[in-house]
Amino acid sequence: MVNHQIIGDRNTTLSIEDLAALRENLHEQRLFRQEQLQQIAGAAAPRTDALLARRAASQIEVWVKLAASARMVLADVEAALTRMDQGRYGTCHLCRKPIARERLMIVPQARYCARCQQVREAGR
């Protein structure tokens with residue numbers, strides 16, 4: 001078994017317990033997003049032409065956006081679980097420094113440390 005403890009100061013070090021809790025959180029998020037996508041697909045599936053005609057275009061647009069958002073979060077969750085399995089979890093994709101424990105506890109699928117995330121968002 002790979003030791004998943006990340007070297008760092010007290011603010012960045014993840015204990016085995018932290019990693020277990022984060023993994024559980026990610027699994028719960030994955031299940032939630034999968035269920036959400038199934039519900040959206042079921043609600044958006046037209047049953048008859050008359051029913052489809054009655055649906056407002058804005059409602060369909062909302063479903064499309066919700067589904068896209070859920071797919072994006074699901075992909076981020078899956079990627080985080082893969083990083084955990086590979087022993088690369090908790091390292092920023094840009095600066096390669098540890099991501100703060102506090103940030104991971106709030107956003108367990110985070111790919112970037114807070115500083116690099118701000119730089120990415122400013123560049124949009």
Open item on the list: Before you tell me yes or no, could you show the steps for Glu78 and Leu74 under side-chain contact (heavy atoms from CB on, under 4.5 Å), namely the whole-Å CA-CA distance, both residues' side-chain angles and the distance that decides it to 0.1 Å?
Closed with: CA-CA 6 Å; Glu78 295 285 357; Leu74 181 58; 4.0 Å; yes
TODO: Take His93 and Arg83, measure what side-chain contact (heavy atoms from CB on, under 4.5 Å) needs, and give me the verdict at the end.
DONE: CA-CA 11 Å; His93 280 24; Arg83 289 191 304 275; 3.4 Å; yes
TODO: Apply the test side-chain contact (heavy atoms from CB on, under 4.5 Å) to residues Gln36 and Arg33: give CA-CA distance (whole Å), side-chain angles for both, the deciding distance (0.1 Å), then the verdict.
DONE: CA-CA 5 Å; Gln36 184 182 31; Arg33 295 303 173 174; 2.9 Å; yes
Open item on the list: Can you confirm whether Arg23 sits close enough to Leu81 that some side-chain heavy atom of one is under 4.5 Å from a side-chain heavy atom of the other?
Closed with: yes
Work out which heavy atom in [X] is nearest to a heavy atom in [Y]; give both atom names and the distance.
X      : Y      : answer
Thr13  : Asp18  : O-OD2, 3.9 Å
Ile99  : Cys92  : CG1-N, 3.7 Å
Ala80  : Tyr89  : O-CD1, 3.7 Å
Tyr112 : Arg103 : O-NE, 2.8 Å
Pro108 : Gln29  : CG-NE2, 3.4 Å

Would you compute the distance between atom [atom1] of [X] and atom [atom2] of [Y] and round it to the nearest 0.5 angstrom?
X     : Y     : atom1 : atom2 : result
Arg71 : Asp76 : CZ    : CG    : 13.5 Å
Thr82 : Leu26 : OG1   : CG    : 10.5 Å
Leu22 : Glu17 : CG    : CD    : 11.5 Å

hydrophobic_cluster_shared for [Y] and [X], side chain cutoff 4.5 Å:
X      : Y      : answer
Val119 : Leu94  : no
Val73  : Met105 : yes
Val77  : Met72  : no
Leu19  : Leu104 : yes
Val107 : Leu14  : no

- [ ] Could you verify whether a donor N or O on one side chain and an acceptor N or O on the other, from Gln117 and Glu121, lie under 3.5 Å apart?
- [x] yes
